[in-house]
Amino acid sequence: MRVRVDMTLCQTHAQCVFAAPEVFALDDDDELVYDATPADASWPAVEQAARACPVQAIFLDGD
Amino acid sequence: MRRVAIAGAGLAGLTAAQELRRLGYDGEISMIGAERHRPYRRPPLSKEYLLANDNDNDNDNDNDSDNGVGVALAGIDDLSVTWLLGHPATGLDLVGRRLHRGALPPVPFDALVIATGVRARTLPGAGELRGVVTLRGLDDARALRAALTTRPRVVVAGAGFIGSEVAATLRALDLPVTLVGPGRVPLRRPLGDEVGAIVAGLHRAHGVDLRLGRRVAGVTGTGRVERVHLDDGTALPADLLVVALGAEPETEWLRGCGLRLDRGVVVDRHGLAAPRVAAAGDVARRPSALLGGELVRVEHYGNALEQGAQAARALLGVAAPFDPVPSFWCHLYGHRLQSAGFTGTGYDLRLVTREPDGRFLAEYHRDGRLVGVVTAGFVRRLTTYRQSLTKEYA
Ligand SMILES: Cc1cc2nc3c(=O)[nH]c(=O)nc-3n(C[C@H](O)[C@H](O)[C@H](O)COP(=O)(O)OP(=O)(O)OC[C@H]3O[C@@H](n4cnc5c(N)ncnc54)[C@H](O)[C@@H]3O)c2cc1C
Ligand code: SF4
């Protein structure tokens, strides 16, 4: 399963970091960084993160 | 449990339905909505939605799958639910397990989610004058956007989140805007004096005519608004009055049904208002561990998601007590205010950092303990704060 964030849409709302901190984080410049292939155990949190993104920038591809 | 009814087809209701399905519930879900739209995202309505040209791919119609410019929510089409839209729930029979919808057939249920949100407060005595609008739903936003094409002189009543955002958005369209607020500064109640003062500076720098410590007392005009009157006697010429005076929880339809109503539907730490009856989102009032068990009602997007999901878990009996740390964001002139936890005049505000470029970070404390943070620009620090708030009070 894969995560993709459309960085042209991302506005650094950090809602995804709140929902799934093990997958999404901000770097020193407040830019979003993320694990594109998170462990299965993270998946519910990743789904919640995708829903929480205010600009719907997070896309999930099933396995 | 074979029949779940969800009253309120908004973000919290939708999320409850999605979470029920994700957890394997395969019975019926009926979604009862007062609006004729399927759930959509409200935050853009005071922001980019108003900037979009009316003709821009606005293909929304009555039974739309795409609610127009940038307000669609993902995953609605894959959800197998019965949509009962365009009519509000009018009563709840808790014993007979039925939801009433006026003269329409009632909806029977085994379990219920109450997610009817809030409605915008109106201006008492504004009458039926055209050009007086509130902003809660997509239809409101569409009407407001249409009204902007005549390049009106705008007065915004109320300097809270929505009033401040609308003022900022309309300045981006270069419309003349007067913002009227009762506090010493905009956003005083939710953010406190010093942060409100920063916001006041932003408004002024962008040409908003700020009238603070003032209320809108009335409007006059023939057929449509021509003048907006303030409580100090000032009469402002105006073609459009946006009433942004906050919101009231949609609980009238529940009056007398037996649930505890107290400025919202009161729920326990599991999100339940009664056995197999959950409430979620803007309408729900829950005890917050962060505030020592005090009941709170939060009108933020993330809260509707978290409580919507929790409602589903509670109905399926897999809920753990849960204490979401609220957070909001708000766009003002290219600055983004973001929060974690509880903020406002009720807490001790400590401005930790303030940069000349407009970035700042403020902490809110109660009884010496950190309960919230607001920032413009220090987002990573915000995430760290939020994590520690979550850990400490989980
Ligand atoms: C203009 C605007 C901008 C916003 N911007 C932000 C932001 O930047 N950041 C942020 O965090 N939050 C923001 N919010 C708040 C956020 O949108 C709400 O917190 C969220 O929508 C709450 O979801 P909900 O499902 O509880 O309620 P809602 O989304 O309001 O859904 C409730 C639904 O129930 C329906 N309903 C009401 N009564 C009945 C009834 N009796 N029977 C059936 N249906 C009924 C309503 O018509 C509505 O469709 C904004 C809100 C608005 C209006
Ligand atoms: S929630 Fe969305 S906008 Fe915010 S940081 Fe994550 S991907 Fe970007």
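Residue numbers start from 1 in every chain, and the chains themselves are labelled A, B, ... in the order their sequence lines are given, proteins ahead of strands. Computed from a prediction, not measured in an experiment: that's the story for all the values here. Heavy atoms only: backbone and side chains are in, while hydrogens, waters and symmetry mates are out.
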Out of the candidates B:Thr384, B:Thr383, B:Leu382, only one should pair with A:Leu26 under the side chain to side chain contact (heavy atoms under 4.5 Å, CB included) rule; please name it. B:Thr383
Which of residues 14-22 of chain A have a heavy atom under 4.5 Å from any heavy atom of chain B? A:Ala14, A:Gln15, A:Val17, A:Phe18, A:Pro21
Does anything in residues 35-48 of chain A reach chain B? List residues with heavy atoms under 4.5 Å apart, or say none. A:Pro44, A:Glu47, A:Gln48
Quick one: what part of B:Arg22 sits under 4.5 Å from any heavy atom of chain A, side chain, backbone, both or neither? side chain
For B:Gln387, which atoms come within 4.5 Å of any heavy atom of chain A: side chain, backbone, both, or neither? side chain
Consider side-chain hydrogen bond (donor to acceptor under 3.5 Å, both in side chains). Of A:Asp27, A:Asp28, A:Asp30, which one does B:Arg380 pass it with? A:Asp28
Quick check for you: to the nearest 0.5 Å, what is the distance between B:Arg336 atom CZ and A:Gln11 atom CD? 6.0 Å
Is B:Glu306 salt-bridged to A:Arg51, cutoff N-O under 4.0 Å? no
Taking A:Val55, A:Asp29, A:Thr12 one by one, which has the highest count of heavy-atom pairs under 4.5 Å against chain B? A:Thr12
Are more than 12 heavy atoms, taken from residues, nucleotides or ligands other than B:Arg354, located less than 6.0 Å from that residue's CZ atom? no
Which one, B:Leu11, B:Val379, B:Thr15, leads in non-hydrogen pairs under 4.5 Å with chain A? B:Val379
